[in-house]
Peer 1: 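Structure in structure tokens, see below.
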Amino acid sequence: QVQLVESGGGSVQAGGSLRLSCAASRFSYSRYCMAWFRQAPGKEREGVARIDNSGTTSYADSVKGRFTISQDTAKNILYLQLNSLKPEDTAMYYCAARGLAWWSQCASIGLRDFYNWGQGTQVTVSS
């Protein structure tokens with residue numbers, strides 16, 4: 001069973017930076033989609049960024065130009081670099097992953113179609 005373990009969250013002031021990591025174990029799909037989601041108190045979980053096995057990335061409009069998703073395929077680690085943080089970025093951040101069928105595109109995978117999730121790491125941004 002795939003295991004995803006996030007780390008790197010913390011408390012920063014607005015304008016600061018953090019780097020989140022997600023270590024994946026027993027993840028052996030040749031085609032896959034990995035993503036970061038976030039959920040603020042009282043709000044629905046929302047997609048932040050995603051990346052597939054080819055390195056193709058996509059971002060939510062709210063984080064474009066500030067967040068960068070990347071991966072170290074040799075170490076099976078997914079990263080999310082968070083720059084120019086805003087108080088509205090405060091949330092629990094989750095890593096998610098799934099294999100992709102040959103006809104599937106990472107960008108079109110819905111939240112409920114990810115079946116591997118980490119436990120989350122908290123990001124708090126103060127003004």
Peer 1: Before accepting this row, confirm whether a basic side-chain N of the pair D61/K64 lies closer than 4.0 Å to the acidic partner's carboxylate O.
Peer 2: yes
Peer 1: Taking all non-hydrogen atoms of both residues, which atom of F114 and which atom of A96 are closest, and how far apart?
Peer 2: CD2-CB, 3.8 Å
Peer 1: For a quick test of reading the model, state the closest non-hydrogen atom pair linking R50 to A35 and the distance between them.
Peer 2: CB-CB, 3.7 Å
Peer 1: Do the side chain of Y79 and the main chain of D72 share a donor and acceptor less than 3.5 angstrom apart?
Peer 2: no
Peer 1: Donor-acceptor pair, distance only, cut-off 3.5 Å: does the side chain of Q119 make one with the backbone of E6?
Peer 2: yes
Peer 1: Do the side chains of L80 and T68 get nearer than 4.5 Å, heavy atoms only?
Peer 2: no
Peer 1: Assigning hydrophobic clusters by single linkage (Ile, Leu, Val, Met, Phe, Trp, Tyr; side-chain heavy-atom cutoff under 4.5 Å), is F37 placed with L82?
Peer 2: no
Peer 1: Could you tell me which non-hydrogen atom of A91 sits nearest to which non-hydrogen atom of A40, and how far apart they are?
Peer 2: CB-N, 3.8 Å
Peer 1: Closest approach of D89 and R66, non-hydrogen atoms and distance?
Peer 2: OD2-NH1, 2.7 Å
Peer 1: Which atom pair, heavy atoms only, marks the closest approach of L4 to N116?
Peer 2: CD1-O, 3.4 Å
Peer 1: Spell out, as yes or no, whether a donor-acceptor pair under 3.5 Å connects the side chain of Q105 to the backbone of I109.
Peer 2: no
Peer 1: Side chains of F67 and V48: does their closest heavy-atom pair fall under 4.5 Å?
Peer 2: yes
Peer 1: Side-chain heavy atoms under 4.5 angstrom apart, residues restricted to Ile, Leu, Val, Met, Phe, Trp, Tyr: same cluster for M92 and L111?
Peer 2: yes
Peer 1: Identify the two heavy atoms, one from S104 and one from R31, that lie closest to each other, and give their separation to 0.1 Å.
Peer 2: O-NH2, 3.2 Å
Peer 1: So with a 6.0 Å cut-off around CZ of R112, is the heavy-atom count from everything else above 12?
Peer 2: no
Peer 1: For Q1 and R26, run side chain to side chain donor-acceptor pair (under 3.5 Å): C-alpha distance rounded to whole Å, both residues' side-chain angles, the deciding distance at 0.1 Å, then the answer.
Peer 2: CA-CA 6 Å; Q1 186 175 348; R26 297 190 284 275; over 6 Å; no
Peer 1: Same cluster or not: Y93 versus I77, using hydrophobic residues (I, L, V, M, F, W, Y) connected whenever any side-chain heavy atoms lie under 4.5 Å apart?
Peer 2: no
Peer 1: So is R98 actually on top of W117's ring, under 6.0 Å and inside 45° of the axis?
Peer 2: no
Peer 1: Can you check side-chain contact (heavy atoms from CB on, under 4.5 Å) on C33 and L100, steps first, answer last?
Peer 2: CA-CA 7 Å; C33 180; L100 284 178; 4.0 Å; yes
Peer 1: Examine Y29 and M34 and state if one hydrophobic cluster contains both, with Ile, Leu, Val, Met, Phe, Trp and Tyr joined whenever side-chain heavy atoms are less than 4.5 Å apart.
Peer 2: yes
Peer 1: Decide yes or no on side-chain contact (heavy atoms from CB on, under 4.5 Å) for R38 and E46, but give the supporting numbers first.
Peer 2: CA-CA 5 Å; R38 66 185 181 186; E46 63 176 0; 2.7 Å; yes
Peer 1: Using the rule that Ile, Leu, Val, Met, Phe, Trp and Tyr join whenever any side-chain heavy atoms are under 4.5 Å apart, tell me whether Y94 and W36 fall into a single cluster.
Peer 2: no
Peer 1: Within this structure, what is the CG-OG distance for the pair L85 and S17, rounded to the nearest 0.5 Å?
Peer 2: 6.0 Å
Peer 1: Taking side chain as C-beta onward, heavy atoms only, is I51 less than 4.5 Å from T56?
Peer 2: no
Peer 1: What I'd like to find out is whether the side chain of T124 reaches to under 4.5 Å of the side chain of Q122, using heavy atoms alone.
Peer 2: yes
Peer 1: CD of Q71 to SG of C22: how many Å apart, nearest 0.5 Å?
Peer 2: 11.0 Å
Peer 1: Taking the six-membered ring for Trp, are the ring centroids of F27 and Y32 within less than 6.0 Å of each other?
Peer 2: yes
Peer 1: Does atom CD of E88 have more than 12 heavy-atom neighbours, drawn from other residues, nucleotides or ligands, at distances under 6.0 Å?
Peer 2: yes
Peer 1: Rounded to the nearest 0.5 Å, how far does CG of L20 lie from OG of S7?
Peer 2: 8.0 Å
Peer 1: Whether the side chain of T90 engages the backbone of V125 through a donor-acceptor N/O pair (distance < 3.5 Å, no angle test) should be reported.
Peer 2: yes
